[in-house]
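Scroll down for the structure; my scribbles are underneath it.
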Amino acid sequence: MSKIEKVKRMFLIALGFGLATYLIMSGTAMLNQDSNTTSEVHSDTMK
């Protein structure tokens, strides 16, 4: 494998890890936001 192919491969792997991390973080943020709004609605109805 040539040096350029190795660099391309490493770049694509790093890009994949970065994208996966971004999707996990945004998904977690969405889940946290949903649970926060649910608890706010529940606390408003309880008052």
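Positions are given from 1, in the same order as the sequence printed here.
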Discussion item. Would you compute the distance between atom NZ of K8 and atom OG of S2 and round it to the nearest 0.5 angstrom?
Written reply: 8.0 Å
Worksheet item: For I24 and T28, which heavy atoms make the closest approach, and how far apart are they?
Response: O-OG1, 2.7 Å
Item to complete: Supply the atom-to-atom distance L19 CG to L12 CG, rounded to the nearest 0.5 angstrom.
Response: 12.0 Å
